[in-house]
Amino acid sequence: MKKSVLVTGANGQLGKCIEELSLNFEELNFIFKSSKELDITSFNSIKAFFEKHHFNYCINCAAYTAVDLAEDEKEKAFAVNAEGVKHLAILSKDYNTSLIHVSTDFVFDGLKNTPYTETDAPNPINVYGASKLQGEQYIKELLDTYFIFRTSWLYSEYGNNFMKTMLRLSKQRQELNVVNDQIGSPTYAKDLAEVILKVIKEDSNNYGMYHFSNKGETSWFGFAQEIFKQKKIQINLQSITSENYKTKAKRPMFSVLETSKIQSTLNFEINDWRMSLKNLIMK
Ligand SMILES: NC(=O)c1ccc[n+]([C@@H]2O[C@H](COP(=O)([O-])OP(=O)(O)OC[C@H]3O[C@@H](n4cnc5c(N)ncnc54)[C@H](OP(=O)(O)O)[C@@H]3O)[C@@H](O)[C@H]2O)c1
């Protein structure tokens, strides 16, 4: 019998990448649900859904991802990123489903200067990070059969992301200022989608927490420079410090993730971030 996979938050950028790749997995039966079709904050609606179908896997792509807005909408952020995830963990346990969840580098405070490992202590410095950490904690408390993939600086051809913002702004302005003192690893959402589908395809039982980002590190300025270089766009790009670009939510200054665990345990080769950007741009 085909394995059945529920994808929540399916209209976001990760959900869309999974949908695109799902065409290569005929042995899996996918059910994609957008926020309108399945709201993870409503326990009763997801319970009814789990009762009706049997899912071998639930991939949770649903999240409240507006980092700055979350400072003013704490309740909303926690409702989705913490309580919604708790609902999925409870139901995954009750209905014998493995839960694949995605978390963030923003659970860390950014005070380290070497890549964060899965065993480093989280210490979020904004509401979004705190809400995502609470979601992780619910899963760990309630469920054994889970994978949590912490990732960073996601971009793709879908949804809203830094790459698309840069390309849009380059059409409207001749000069752009981008911060050069926050360091992380840009990650193509399709690469993350690939590792998630590999876990399902192989029925891996190496459950637990994993860090996944593309290899290498850069600043937002370095990321912007590479986008314009690869797209052959001429623009006056200026680097500025975070001090000169105030945002409502504080961001970790350094949030590079150490990815050796996922590479060795799940046997997954990770691309350098520049190569993955090229793969998307050449698509
Ligand atoms: N984007 C990044 O840079 C980044 C970095 C690190 C980690 N992550 C994590 O990676 C995961 C995927 O992120 P993404 O960039 O694909 O996010 P995204 O594009 O913002 O997509 C999130 C999706 O979740 C849906 N959603 C929101 N509330 C929901 C609810 N109550 N019930 C069901 N669906 C709901 C949204 O639908 P609506 O649009 O209708 O609200 C949206 O389609 C998230 O867990 C995120 O925290 C992202």
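Counting starts at 1 for both ligands and their atoms, in listed order. Everything numeric here is computed off the predicted structure, so don't read it as measured data.
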*asked:* Among all protein heavy atoms in this structure, tell me which lies nearest to atom 28 (N) of ligand 1, with the distance rounded to 0.1 Å.
replied: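 Here the nearest protein heavy atom works out to Val80 CG1, 3.7 Å.
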
*Among all protein heavy atoms, pick the one closest to atom 30 (C) of ligand 1 and tell me residue, atom and distance.*
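Checking every protein heavy atom, the shortest distance to atom 30 (C) of ligand 1 gives Asp39 OD1, 3.6 Å.
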
*Heavy-atom check, side chain of Tyr245 versus side chain of Asn177, under 4.5 Å*: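 No; the side chains remain at least 4.5 Å from each other.
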
*Do Cys61 and Ile18 have side-chain heavy atoms sitting under 4.5 Å apart?*
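Yes, close enough: below the 4.5 Å cut-off.
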
*With a 4.0 Å cut-off, strictly under, does atom 8 (N) of ligand 1 pick up any protein heavy atom?*
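There is a protein heavy atom less than 4.0 Å from atom 8 (N) of ligand 1.
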
*Give the numbers and elements of all ligand 1 atoms closer than 4.0 Å to a heavy atom of Lys132.*
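Listed by number with element, the hits are 44 (C), 45 (O), 46 (C), 47 (O).
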
*Just go through Ser156, Ala63, Ser255 and tell me whose heavy atom is the nearest to atom 44 (C) of ligand 1.*
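Ranked by closest heavy atom to atom 44 (C) of ligand 1, first place is Ala63.
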
*asked:* Heavy atoms only, cut-off 4.0 Å: how does Ser103 contact ligand 1, side chain, backbone, both, or neither?
replied: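 It is the backbone that touches ligand 1; the side chain stays farther off.
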
*Have a look at ligand 1 and work out which part of Thr65, if any, has a heavy atom under 4.0 Å from it: side chain, backbone, both or neither.*
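It is the side chain that touches ligand 1; the backbone stays farther off.
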
_Would you say Leu257 ends up clustered with Phe212 if hydrophobic residues are merged whenever their side chains have heavy atoms under 4.5 Å apart, either directly or through other cluster members?_
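No: no chain of side-chain contacts under 4.5 Å links Phe212 to Leu257.
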
*Can you tell which of Ile148, Leu14, Ile40 makes a side chain to side chain contact (heavy atoms under 4.5 Å, CB included) with Asn60?*
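Single side chain to side chain contact (heavy atoms under 4.5 Å, CB included) partner of Asn60 among Ile148, Leu14, Ile40: Ile40.
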
*Apply the side-chain hydrogen bond (donor to acceptor under 3.5 Å, both in side chains) test between Tyr95 and each candidate in Glu51, His53, His54; give the one that qualifies.*
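The side-chain hydrogen bond (donor to acceptor under 3.5 Å, both in side chains) with Tyr95 is passed solely by Glu51 among Glu51, His53, His54.
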
